[in-house]
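Single-structure report; data block below.
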Amino acid sequence: MKEVRVRFAPSPTGHLHVGGARTALFNWLFARHEGGRFILRIEDTDVERSSGELESGILDDLMWLGLAWDEGPDRGGAFGPYRQSERVALYRAGAERLVAEGRAYPCFCTDEELESKKEERRRANLPPQYDGTCRRLSGDERARRRAEGRAESVRFIVPPDSERRLDDLLRGEVVFPSGMVGDFVIMRSNGLPTYNFAAATDDAAMEITHVIRGEEHLSNTVRQIMIYEALGLEPPRFAHIPLILGLDRSKLSKRHGAPNVGDFHARGYPAEAIINYLAFLGWSPPGDREMLSLGELVEKFRLDRVSPSPSIFDEVKLNWFSSQYVKSLGARRYLDDALPHFPQDVKDAYPRERLAEIFEILAENLPSFSRIEEEIAPFRPGIPALAGDAREAVAGARELLSASLVSLGECEEWSAASLGGRIKELGTRLGVKGKALYMPLRAAVTGSLHGPDLSRVMEIRGKESVLRAIRSALAGAETP
RNA sequence: GUCCCCAUCGUCUAGUCCGGAUCAGGACACCGCCCUUUCACGGCGGCGACACGGGUUCAAAUCCCGUUGGGGACGCCA
């Protein structure tokens with residue numbers, strides 16, 4: 001049995017998108033599950049838009065996610081080079097061969113000519129295919145155009161009977177009817193190959209056994225099949241996985257907030273959470289478990305359990321995975337990742353050990369680290385601003401707050417346990433309980449009606465800070 | 001416009017291939033209750049879907065056809 005070889009082939013014309021990341025993940029999982037190899041190939045044939053910076057960004061993002069590759073531009077391999085810009089000789093040789101065999105021809109049409117032809121066909125309600133003008137050029141006519149110095153691309157001749165069938169691993173048999181595509185460009189006039197030609201050439205040369213890619217490539221496959229055929233190569237198996245859509249049901253793009261892996265990294269999502277969430281977009285294992293480690297995903301991943309229908313990227317569920325990971329793997333493990341999200345005044349106010357405690361408390365329910373700034377408010381050292389509900393809660397409980405000032409002021413052992421005891425004692429003495437007891441205190445100390453356990457907050461804040469906040473609240477309540 | 005793909009709760013999905021075991025199961029979100037003299041966490045419960053129409057069949061979410069809806073492709077982008 002042939003060794004499984006799959007590839008992820010991003011083009012460095014943008015950042016790694018969650019859609020691309022999911023494609024990479026499925027390839028990676030499939031390779032690992034099958035004991036095969038995962039290859040990274042950079043499709044940088046669009047010189048205008050590709051950049052080395054974007055390429056290394058993609059590599060960084062993949063590494064951060066934990067999707068290491070066995071062969072790739074940075075680490076080599078037996079089938080290199082792994083950057084298409086470095087494989088141009090191969091594509092040229094292939095194209096020359098196809099021209100020599102009469103399966104492709106030089107095309108001299110200009111962009112303007114192409115555009116107007118397309119417009120004409122569109123007006124006639126015909127598919128906007130190339131009309132084959134240059135295919136019918138005689139040798140003389142070709143020579144004349146060359147002499148004129150016209151730019152020259154290479155077009156593939158689509159055979160007259162061009163119905164092709166694809167046995168897609170996810171979708172079963174897909175029939176592309178004859179006439180679906182016109183002669184298409186395989187080599188651009190700048191001497192670089194187009195996507196379909198380069199991808200097919202490389203997948204064959206790199207002995208890729210399974211092409212797992214987004215559904216947007218499904219209709220391209222007919223061209224690639226014809227290229228394999230013309231070149232006498234055996235095509236790989238194909239699996240077109242469903243697209244990831246935005247909330248508006250269209251293909252996920254920049255318009256949908258922050259769909260880049262790097263953005264989620266910056267916003268403080270654990271890589272494990274992104275992986276786990278992405279794995280369950282379009283795939284599910286038997287059983288009800290959803291929290292799965294990378295190792296478990298590898299063990300359970302099977303292509304035949306990938307759904308054919310597109311799914312919508314739901315950040316709310318990603319948040320859930322994220323909070324589950326922070327909670328279950330332990331806050332301390334993520335402390336170094338989380339610390340950069342702490343406001344400076346908090347970092348200045350507490351020693352590292354205290355910061356770790358604060359993070360543990362917040363981690364009880366923290367969708368992403370970028371939410372720390374908001375959730376950490378009760379622990380900020382300054383005097384909180386009282387507004388709205390908090391102000392009302394304080395105003396209606398002046399007696400309680402004054403009494404708390406005395407009681408807390410007398411507190412010798414400033415711990416959550418003894419603080420809790422004092423609050424209860426205060427409640428009993430003044431005959432208030434529940435929200436009537438806690439809310440005014442909470443509001444005075446933190447400026448909010450929500451937050452972590454009040455005794456813990458007070459313990460960490462420290463005696464001085466807490467008393468100052470209550471005094472200030474009391475003073476503020478006098479002047480409405 | 002043409003071609004291709006897709007169609008189960010608001011969202012992710014199980015069940016579909018091999019029709020009966022399902023008044024369709026789980027998760028997120030939402031709501032309620034319990035726990036907690038506060039806030040969460042947690043536990044329990046609730047709300048909530050087979051797009052529509054025809055067939056085939058004793059029986060259809062499951063098979064077939066059509067309609068509608070959504071998406072993708074139709075580039076010298078990938």
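Atom set for the values below is all heavy atoms of this structure, side chains included, hydrogens, waters and symmetry mates excluded. Per chain, numbering begins at 1; letters A, B, ... match sequence-line order.
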Base-pairing assignment for B/A59 (Watson-Crick or G-U wobble, both under 3.5 Å)
none
Report yes if a side-chain nitrogen or oxygen of A/Lys118 is closer than 4.0 Å to either non-bridging phosphate oxygen (OP1 or OP2) of B/G75; otherwise report no.
yes
Provide the distance between the two P atoms, one in B/A73 and one in B/U16, to the nearest whole Å.
31 Å
Table please: side-chain donor-acceptor pairs of residues 175-184 of chain A below 3.5 Å, with sequence neighbours left out.
from     : atom 1 : to       : atom 2 : distance (Å)
A/Ser178 : OG     : A/Pro160 : O      : 3.3
A/Ser178 : OG     : A/Ser162 : N      : 2.8
A/Ser178 : OG     : A/Ser162 : OG     : 3.4
A/Asp183 : OD1    : A/Val158 : N      : 2.9
A/Asp183 : OD2    : A/Tyr105 : OH     : 2.7
A/Asp183 : OD2    : A/Arg135 : NE     : 3.0
A/Asp183 : OD2    : A/Arg135 : NH2    : 3.0

Suppose we define a pair by two distances each less than 3.5 Å, Watson-Crick or G-U wobble; what does B/A24 pair with here?
none
Touch class at under 4.0 angstrom, heavy-atom based, for A/Asn319 against every strand present:
nothing
What is the nucleic acid contact for A/Gly451, judged by heavy atoms within less than 4.0 Å: base, sugar-phosphate only, or nothing?
base
To the nearest Å, give me how far apart CD (A/Gln324) and P (B/C41) are.
10 Å
Partners meeting ring-ring contact (aromatic ring centres under 6.0 Å, His included) with A/Tyr277 (sequence neighbours left out):
A/Phe313
Let me know the distance between CD of A/Glu364 and C1' of B/C41, rounded to the nearest Å.
5 Å
To the nearest Å, give me how far apart CD (A/Glu360) and P (B/C41) are.
18 Å
Over 12 non-hydrogen atoms of neighbours within 6.0 angstrom of CD in A/Glu48
no
Inter-nucleotide P distance (B/C9, B/C18), Å rounded
24 Å
Whole angstroms only, please: what is the CZ-P distance between A/Phe238 and B/A73?
17 Å
With a 4.0 Å limit, can you tell me whether A/Lys327 has a side-chain N or O closer than that to the phosphate oxygens OP1/OP2 of B/G42?
yes
Sugar-phosphate means primed atoms, P, OP1 and OP2; the rest is base. With that split, encode nucleotides 3-15 of chain B 5' to 3' as B, S or - using protein heavy atoms under 4.0 Å.
SSBSS---SBSSS
Between B/G46 and B/A59, how far apart are the two C1' atoms, rounded to whole Å?
32 Å
Base, sugar-phosphate alone, or nothing: which one does A/Arg223 contact when heavy atoms must sit under 4.0 Å apart?
sugar-phosphate
Non-neighbouring partners of A/His217 that pass ring-ring contact (aromatic ring centres under 6.0 Å, His included), sequence neighbours left out:
A/Tyr195
Classify the ring geometry between A/His240 and A/Phe238 as parallel (under 30°), tilted (30 to 60°) or perpendicular (over 60°).
parallel
Tell me the partner of B/G53, counting only Watson-Crick (N1-N3 plus N6-O4 or O6-N4) or G-U wobble (N1-O2 and O6-N3) with both under 3.5 Å; none if nothing fits.
B/C65
Kindly confirm whether the side-chain ring of A/Trp320 is stacked on the base of B/C28, judged by centres under 5.5 Å and planes under 30°.
no
Mark yes or no for a side-chain to base donor-acceptor pair under 3.5 Å between A/Asn196 and B/A78, with no hydrogen or angle criteria applied.
no
Atom of A/Glu315, atom of A/Tyr269 and distance for their closest heavy-atom approach
OE2-OH, 3.9 Å
Nearest-angstrom distance, P atom, B/C17 to B/C63:
5 Å
By the 4.0 Å heavy-atom rule, please label A/Ile423 as base, sugar-phosphate, or nothing.
nothing
Would one find a side-chain N or O of A/Thr45 under 4.0 angstrom from OP1 or OP2 of B/A78?
yes
Quick one: on RNA chain B, does A/Asn190 or A/Asp288 contact a more 5' nucleotide (nearest heavy atom)?
A/Asp288
When rounded to the nearest Å, what value does the distance between C1' atoms of B/A14 and B/G25 take?
6 Å
Within the structure shown, what part of the strands sits under 4.0 Å from A/Cys107 by heavy-atom distance: base, sugar-phosphate, or nothing?
nothing
Taking any heavy-atom pair under 4.0 Å as a contact, classify A/His217: base, sugar-phosphate, or nothing.
base
What pairs with A/Ala104 under side chain to side chain contact (heavy atoms under 4.5 Å, CB included), at least two apart in sequence or on another chain?
A/Leu98, A/Val99, A/Val154, A/Ile186
Let me have a per-nucleotide readout for nucleotides 61-66 of chain B, 5' to 3', with B, S or -, counting only protein heavy atoms under 4.0 Å.
------
Whole-angstrom distance between B/G1 and B/G20, as gauged at atom C1'
45 Å
Can you measure A/Asp111 atom CG to B/G75 atom C1' for me and round it to whole angstrom units?
10 Å
With both distances under 3.5 Å as the test, what is the Watson-Crick or G-U wobble partner of B/G1?
B/C74
Check this for me: does any side-chain nitrogen of one of A/Glu43 and A/Arg41 sit under 4.0 Å from a carboxylate oxygen of the other?
yes
So, A/Asp314 and A/Lys317, do they make that salt bridge, N to O below 4.0 Å?
no
Quiz item: A/Thr194 side-chain donor-acceptor pair to B/C76 base, under 3.5 Å:
no
B/A61 to B/G53 separation - P atoms, rounded to the nearest Å
12 Å
Would you kindly give the CD-to-C1' distance between A/Glu375 and B/C39, to the nearest whole Å?
11 Å
Strand partner of B/C18, provided both Watson-Crick or wobble distances fall under 3.5 Å
none
Short side-chain N/O contact to B/A40 OP1/OP2 from A/Asn365, under 4.0 Å
no
A quick test of your reading: do over 12 heavy atoms of other residues, nucleotides or ligands sit less than 6.0 Å from CD of A/Glu373?
no
A/Leu247 CG to B/G70 P, straight-line distance once rounded to whole Å:
17 Å
Which whole-number value in Å describes the distance from A/Ile372 CD1 to B/A40 P?
19 Å
Just wondering, more than 12 heavy atoms not from A/Arg302 lying within 6.0 Å of its CZ?
no
Could you tell me how far B/C23 sits from B/C50 if I compare only their P atoms? Round to whole Å.
15 Å
Paired with B/C47 by Watson-Crick or G-U wobble geometry, both distances under 3.5 Å: which nucleotide is it?
none
Near A/Glu53 CD, under 6.0 Å, is it more than 12 heavy atoms from other residues, nucleotides or ligands?
no
